[in-house]
Amino acid sequence: MAIQRTFSIIKPDATARNLTGAINKVIEEAGLRIVAQRRILMTEGQAKRFYEVHAERPFYGELVEFMTSGPVVVQVLEGEDAVAKYREVMGATNPEEAADGTIRKLYANSIGENSVHGSDSPENAEMEIRQFFSQADIIG
Ligand code: GDP
């Protein structure tokens, strides 16, 4: 497997509890390198676009409201098989189903407020990175 990049968000429930450093520690200890990182307040437009695939789901409004409720940290992670590896490190969407030692098992509040996002495919990773970073922001 080649070196890959994935897109990560540390969500508002985690930044509110000062968990950015703790989550970054789990990421780095898993062998993923944080090659770009920025703390932002997502606009409603950015959140709606980012989660457009979920527009028809009943939780879409709640999700957009949550993602704009406080600061998030957007990141680019790099490493061997980074997309799949980060999904593993994050754990299942619902923290009750997440494996021990995963970020969501350790820190998530609920299925909605679940502390982190990670791309689900290399194609989506590329699109998501492009929504928030320019090539010059990414120092590998
Ligand atoms: P992920 O890839 O593991 O983040 O999960 P999904 O792509 O299925 O869902 C995207 C995000 O929507 C999740 O990370 C949650 O923040 C949120 N979400 C998913 N399912 C639910 C739900 O049943 N209720 C609420 N409130 N939010 C949800």
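The first residue in the sequence is number 1, and the count goes up from there. Whatever order the structure lists them in is the order used to number ligands and atoms, beginning at 1.
- Taking a 4.0 Å cut-off on heavy atoms, K11 registers as neighbouring ligand 1.
- Among V116, I9, L63, T93, the residue whose heavy atom sits closest to atom 3 (O) of ligand 1 is T93.
- Between T15 and the options I9, V73, I23, a side-chain contact (heavy atoms from CB on, under 4.5 Å) holds for only V73.
- Of all the heavy atoms of R87, the ones lying under 4.0 Å from any atom of ligand 1 belong exclusively to the side chain.
- Atom numbering of ligand 1 starts at 1 in the shown order; those under 4.0 Å from a heavy atom of N114 are 13 (C), 14 (O), 15 (C), 16 (O).
- Contacts between H54 and ligand 1 below 4.0 angstrom, taking non-hydrogen atoms only, involve the side chain exclusively.
- Annotation for ligand 1: atoms under 4.0 Å from non-hydrogen atoms of G112 are 15 (C), 16 (O), 25 (C), 26 (N), 27 (N).
- Considering CZ of R130 and CD of Q135, their distance stands at 9.0 Å, rounded to 0.5 Å.
- With a 4.5 Å cut-off on side-chain heavy atoms, F50 and M67 do not count as touching.
- The closest approach between any non-hydrogen atom of R104 and ligand 1 is below 4.0 Å.
- Ligand 1 places these atoms under 4.0 Å from at least one heavy atom of E62: 26 (N).
- Within 6.0 Å of CZ on R33 lie no more than 12 heavy atoms contributed by other residues, nucleotides or ligands.
- Aromatic ring pairs are classed by plane angle as parallel below 30°, tilted from 30° to 60° and perpendicular above 60°; the pair F133 and F7 is perpendicular.
- Summary of contacts: the protein heavy atom closest to atom 25 (C) of ligand 1 is F59 CB, 3.6 Å.
- Other residues, nucleotides and ligands contribute only 12 or fewer heavy atoms inside 6.0 Å of the CD atom of E44.
- Using a 4.5 Å cut-off on side-chain heavy atoms (C-beta onward), V116 and K11 make no contact.
- Looking only at side-chain heavy atoms (C-beta outward), R17 and N109 come within less than 4.5 Å of each other.
- Heavy atoms of I111 approach ligand 1 to within less than 4.0 angstrom.
- Residue contacts with ligand 1 for M67 are absent, since no atom lies close enough (heavy atoms, distance under 4.0 Å).
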